[in-house]
Amino acid sequence: MGTTMTGDHDRGLSQVPEEAGRGAVLIRAEQRVHAGLRLGEIVRRRPPGLTASQWNTASRTLFDHVVCTAATGRPEFAVEFRSPPTDATARRAERTTEAVAAAIGLPLLRIVSDTLRTAGHGPRIVAYLVDARRYAAGAAGSDAADVGFRDIVGRLPDGREGAVNDLGALARAEAVEAYVARRLTDPILRGLHVRWTQGPAEGWSWAEVRPGEVLVERVTVQAYGLSCGVEPARLAEDLAVLAIGERLRTIESGAPPLVPLGNLLAGIRRLRDRRDELVGDFAYDHLCQQ
């Protein structure tokens with residue numbers, strides 16, 4: 001993030017006009033968040049090393065959000081919300097986007113989820129990232145560095161005391177209410193997070209809706225040259241909890257498909273069996289004993 005304005009332009013990044021994009025512009029902490037910018041709108045020319053065909057594909061990539069410095073319009077980072085890729089063509093397009101973003105010095109965050117979408121969740125999540133990054137930058141070298149952004153304690157929306165920067169806090173409170181109303185078997189939204197050595201951070205969350213039947217959500221977070229201000233794996237788990245909260249709201253209509261608890265546990269055991277591929281150790285052996 002220490003790249004100078006001149007350096008950015010040398011690499012092809014353009015200033016973003018104040019009203020650019022395909023939605024409302026959010027001002028947050030001296031930064032502008034633009035919705036719906038194509039890569040070709042923020043890059044002046046084809047980066048070296050890319051063929052015309054690759055650039056033609058990549059330039060049409062629509063970033064859900066681009067965060068810029070408000071005073072200069074300089075792009076700081078971009079965020080994509082994506083469904084899990086279902087074919088090789090989609091994955092090739094993603095790799096091309098990654099290569100172009102790296103070539104022009106644009107940090108990129110990709111959030112992959114079956115449930116989270118830019119329209120319903122993007123502004124809140126991007127504002128969270130802006131705040132987390134600002135806090136981390138200000139806390140570096142100070143007494144506040146001992147307390148991470150995610151661990152700040154305060155009063156939650158339901159009046160309890162807890163981690164105010166937990167994106168899943170509201171969903172956790174709603175799960176308790178659903179349990180009291182006898183719509184859930186267990187009031188606790190459980191979860192885990194891991195980070196792959198050669199891949200993204202991954203977060204899981206689940207709710208036991210009926211005895212032996214659970215609602216499961218998995219979210220992956222891949223940061224390319226971007227510091228999120230919070231640990232990516234914890235962010236992925238919080239996002240999975242947020243997604244579970246969305247799906248619990250439609251539970252009475254029977255819309256969210258439930259899976260047997262045994263299937264979930266088998267998936268956790270498969271993670272355990274791949275522990276050598278993880279950053280750090282696998283911390284969920286206790287779940288494998290159920």
Side-chain angles (χ1 to χ4, degrees), residues 16-42 58 60-70 73-85 90 93-94 97-98 101 106-136 149-150 157 164-171 174 200-203 205 217-250:
V16 176
E18 289 187 16
E19 301 304 320
R22 292 160 178 80
V25 178
L26 171 68
I27 304 297
R28 185 86 172 189
E30 300 179 353
Q31 293 185 301
R32 298 198 312 255
V33 182
H34 296 265
L37 281 179
R38 296 195 183 280
L39 191 148
E41 295 178 279
I42 59 176
R60 294 197 302 269
T61 296
L62 187 69
F63 290 127
D64 295 301
H65 301 278
V66 176
V67 178
C68 302
T69 303
R74 177 169 66 92
E76 295 285 346
F77 65 95
V79 178
E80 291 183 331
F81 288 83
R82 295 290 182 264
S83 299
E94 289 181 351
T97 300
E98 295 157 18
L106 178 67
L108 171 65
L109 182 71
R110 179 175 293 136
I111 297 171
V112 178
S113 168
D114 284 318
T115 300
L116 300 178
R117 295 290 179 269
T118 184
H121 313 96
R124 176 187 175 190
I125 292 171
V126 176
Y128 178 92
L129 291 168
V130 169
D131 291 346
R133 285 165 49 82
R134 186 185 188 202
Y135 178 86
F149 181 76
R150 172 61 174 77
V164 293
N165 294 319
D166 173 7
L167 283 166
L170 184 58
E174 291 175 345
E202 185 170 337
S205 181
E217 183 75 18
R218 294 170 60 178
V219 174
T220 64
V221 170
Q222 182 74 68
Y224 299 94
L226 179 71
S227 173
C228 298
V230 293
E231 206 281 316
R234 290 189 73 188
L235 174 62
E237 182 178 341
D238 285 351
L239 289 172
V241 175
L242 175 63
I244 282 285
E246 289 293 317
R247 296 175 67 190
L248 284 176
R249 297 188 185 105
T250 62

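Computed from a prediction, not measured in an experiment: that's the story for all the values here.
The backbone N or O of Gly120 sits nowhere less than 3.5 Å from a side-chain atom of Arg124 that would complete a donor-acceptor pair. Without hydrogens or angle criteria, Thr97 side chain to Ala93 main chain gives a donor-acceptor distance under 3.5 Å.
Every residue two or more places apart in sequence or in another chain that forms a side-chain hydrogen bond (donor to acceptor under 3.5 Å, both in side chains) with Glu80 is listed here: Arg82, Arg110. Here Arg38 pairs with nothing under the side-chain hydrogen bond (donor to acceptor under 3.5 Å, both in side chains) rule; sequence neighbours left out.
Annotation: the span from Thr69 atom OG1 to Glu76 atom CD amounts to 3.5 Å, rounded to 0.5 Å. Here the straight-line distance linking atom CD of Glu94 with atom OH of Tyr224 works out to 7.0 Å at 0.5 Å rounding. Once rounded to the nearest 0.5 Å, the distance linking CD1 of Ile111 with CD of Gln222 reads 12.0 Å. With rounding to the nearest 0.5 angstrom, the CD1 atom of Ile244 is 4.5 Å from the OG atom of Ser205. If you take CZ on Arg133 and CZ on Phe77, they are separated by 5.0 Å, rounding to the nearest 0.5 Å. In this structure, the separation between CG on Leu109 and CG on Leu129 is 6.0 Å, given to the nearest 0.5 Å.
Ring geometry for Phe149 against Tyr135 counts as tilted: the plane angle lies between 30° and 60°, on a 0 to 90° scale.
Minimum heavy-atom separation, Leu37 to Ala20: CD2-CB, 3.9 Å. Minimum interatomic distance between Pro232 and Val221 (heavy atoms only, all atoms of both residues): O-CB, 4.3 Å. Of all the heavy atoms in Val66 and Pro75, the pair that sits closest is CG1-CB, 4.3 Å. Nearest approach of Gly203 to Ala240, heavy atoms of both residues: O-CB, 3.7 Å. Taking both residues in full, the closest heavy atoms of Leu106 and Ala78 are given as CD2-CB, 4.1 Å, listed atom of the first, atom of the second, then distance. Taking both residues in full, the closest heavy atoms of Pro84 and Asp114 are given as CD-OD1, 3.2 Å, listed atom of the first, atom of the second, then distance.
Comment: Glu41 engages Arg22 in a salt bridge, judged by a side-chain N to carboxylate O separation of less than 4.0 angstrom.
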*Hey, mind stepping through Asp64 and Val79 against side chain to side chain contact (heavy atoms under 4.5 Å, CB included) and telling me if it holds?*
CA-CA 6 Å; Asp64 295 301; Val79 178; 5.7 Å; no
*Please report the C-alpha distance between Arg150 and Glu237 in whole Å, then the side-chain angles of each, then the deciding distance to 0.1 Å, and finally whether the salt bridge (charged side-chain N to carboxylate O under 4.0 Å, His left out) criterion is met.*
CA-CA 12 Å; Arg150 172 61 174 77; Glu237 182 178 341; over 6 Å; no
*asked:* With salt bridge (charged side-chain N to carboxylate O under 4.0 Å, His left out) as the criterion, how do Glu174 and Arg249 come out once you've worked through the C-alpha distance, each side chain's angles and the decisive distance to 0.1 Å?
replied: CA-CA 9 Å; Glu174 291 175 345; Arg249 297 188 185 105; 3.0 Å; yes
_Go through it in stages, so that I can follow the logic: the residues are Asp238 and Val219, the test is side chain to side chain contact (heavy atoms under 4.5 Å, CB included), and I'd like the CA-CA distance, side-chain angles, deciding distance and then a yes or no._
CA-CA 9 Å; Asp238 285 351; Val219 174; over 6 Å; no
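Residues Ile125 and His65 form no side-chain contact, since every pair of their non-hydrogen atoms from C-beta on lies 4.5 Å or further apart.
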